[in-house]
Amino acid sequence: MARFPRAINLIRAVLGLSFLSSALAFTPGFPYGSQKVRGVNLGGWLVLEPWITPSLFDNTGNANIVDEWTFGSLQSKATATAALTNHWNTWITEADFAAIKAAGLNHVRLPIGYWAFEVGPGEPYIQGQLPYLNKAITWATNQGLKLIIDLHGAPGSQNGFDNSGHKVPTPQWHSNNTNVQRTDAIIKTIASMVRDNPTNVPIIAPLNEPAGFVSAAVLSVTKQYWYDSWGNIRFPYGTSQQSNTVELIHDAFQPLSYWNGVLTSPTYNGVAMDTHIYTIFSVPEVQMTQAQHISTVCGKQSSLSSFDLWVIVGEWTPAATDCAKYLNGRGVGSRYDGSYPGSTRVGSCTGQTGAASTFSSSYKTFLRQFWEAQVISYEKGQGWIQWLWKAENADEWSYQAGLANGWIPQNPTNLMFPNVCG
Ligand SMILES: *[C@@H]1O[C@H](CO)[C@@H](O)[C@H](O)[C@H]1NC(C)=O
């Protein structure tokens, strides 16, 4: 697969540059590059994740319901629709947007699945998310927050994770061109929806976490898809007129240096890079001491500050274990306590996850230090969006719980440990 834009995009790029005034007029809806992105993800709302809302899954009484696909396929449509509708109406409301704004944040990233837009034959997804996407845009507008629309699941699954909608052993998105074309069409739809509203929806992230670690084929399809999505997002009018919407590509789990020279100026504009930093999804990582977790994130600063695109750390967490129930999948255990297949016990998960009322004061102090180390480090790039605003029963991940229990400051620039990275 060619690692350059399809001809149509190249022609558009050249036309765009020839209209010098329109190229110079590119004005994103937020001053990326001069002000820091500070935000939260609204995970577990329009794309279900068992660990964020375990009750939705436990209430099915069926242990084989492990993702949104099986939520649709393994129970009656009426039951699933009723549960989803109640969830959509209650999990996130405008009060959450107001609280996010009051916490001094400026962005929310909203994951949504392809199935909100289009469901193919044999796909059991239940639709109904789009009115909530529109509500979210209205609430962000009312509250003065910037909304990032993040396509979190693509046909065939781009990573096989439950949070792509369909937990599968081998991702299929990249291996079937129909899947990619369907995804392109959805990005065009989203880009058209928001093209005249960059103030409130400044960014589209055309695909969350494609599994670049699976194969070279995933990376090559993903790279072409980023180029094609640039055309779809930056030229949504069907003419040489550019939008002011930013394309937020993802590093596909590669070092940032892998993407050197991809979608960079002067041929391209309006592109930012999303990288996700977790220190808990392998045995060696959960074996790290608290100090090692902190030094690991502090060690990201130079790669974030030196990359040639704006870099936003679009997912990260103050959690330093994988203890949260169902975090590794419904019915799957944790590496930290040795209940995950092939892991060796590091310690007990008691007091590491669940309700903040069970957290010791020294653990809460660590959460604050780890949170501050990440905020300091990620602001060496363009900023950060924490995963996530709220979870049913994993307060170590929850921005809302951190605010309520003191390990996240009411103003994100009020640091207690400004020298935590040394
Ligand atoms: C490719 O994916 C589409 C759905 O996007 C499906 O209908 C088709 O059967 C798939 N083709 C192959 C060869 O798997």
Side-chain angles (χ1 to χ4, degrees), residues 1-3 5-9 46-50 64-77 80-81 84 110-130 132-133 149-194 204-233 235-236 238 247-250 252-253 274 329:
M1 174 97 38
R3 289 184 179 171
R6 296 223 169 112
I8 184 68
N9 288 342
L46 304 185
V47 177
L48 298 187
E49 298 195 34
N64 294 320
I65 295 181
V66 298
D67 56 18
E68 197 152 333
W69 178 285
T70 47
F71 200 87
S73 66
L74 297 181
Q75 57 185 337
S76 81
K77 186 167 183 188
T81 302
L84 282 170
L110 177 55
I112 192 163
Y114 80 88
W115 56 93
F117 300 89
E118 177 256 311
V119 173
E123 297 174 352
Y125 288 116
I126 289 163
Q127 292 191 297
Q129 298 86 353
L130 276 190
Y132 298 90
L133 172 62
I149 300 179
D150 153 45
L151 192 71
H152 219 70
S157 178
Q158 73 279 18
N159 53 33
F161 303 159
D162 60 10
N163 56 61
S164 73
H166 197 187
K167 183 176 181 177
V168 291
T170 310
Q172 299 293 334
W173 171 73
H174 64 283
S175 57
N176 176 337
N177 198 42
T178 306
N179 291 336
V180 178
Q181 288 169 349
R182 290 173 67 192
T183 318
D184 287 333
I186 288 162
I187 296 306
K188 285 184 190 173
T189 299
I190 297 172
S192 296
M193 278 174 62
V194 304
I204 296 170
L207 191 58
N208 179 63
E209 295 190 347
F213 51 83
V214 166
S215 65
V218 172
L219 285 169
S220 126
V221 173
T222 296
K223 194 177 288 189
Q224 185 64 53
Y225 176 74
W226 294 154
Y227 279 109
D228 294 338
S229 295
W230 183 80
N232 294 334
I233 292 167
F235 293 87
E247 179 190 20
L248 182 63
I249 65 175
H250 181 265
F253 304 98
D274 180 15

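Nothing fancy with the numbering, it's 1 onward along the sequence. Counting starts at 1 for both ligands and their atoms, following the listed order.
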Any side-chain donor near an acceptor of the partner, Y114 and E123, under 3.5 Å:
yes
Under 3.5 Å, is there a donor-acceptor pair linking the side chains of Q181 and T178?
no
For ligand 1, the residues whose heavy atoms come within less than 4.0 Å (ordered by chain, then number):
N176, T178, N179, R182
Passes side chain to side chain contact (heavy atoms under 4.5 Å, CB included), M193 versus F117? Steps please.
CA-CA 12 Å; M193 278 174 62; F117 300 89; 4.2 Å; yes
Once you measure the plane-to-plane angle for W230 and F235, does it fall in the parallel (<30°), tilted (30-60°) or perpendicular (>60°) bin?
perpendicular
Do any N or O atoms from the side chain of N179 and from the backbone of Q172 form a donor-acceptor pair under 3.5 angstrom?
yes
Any side-chain donor-acceptor pair under 3.5 Å between N232 and S229?
no
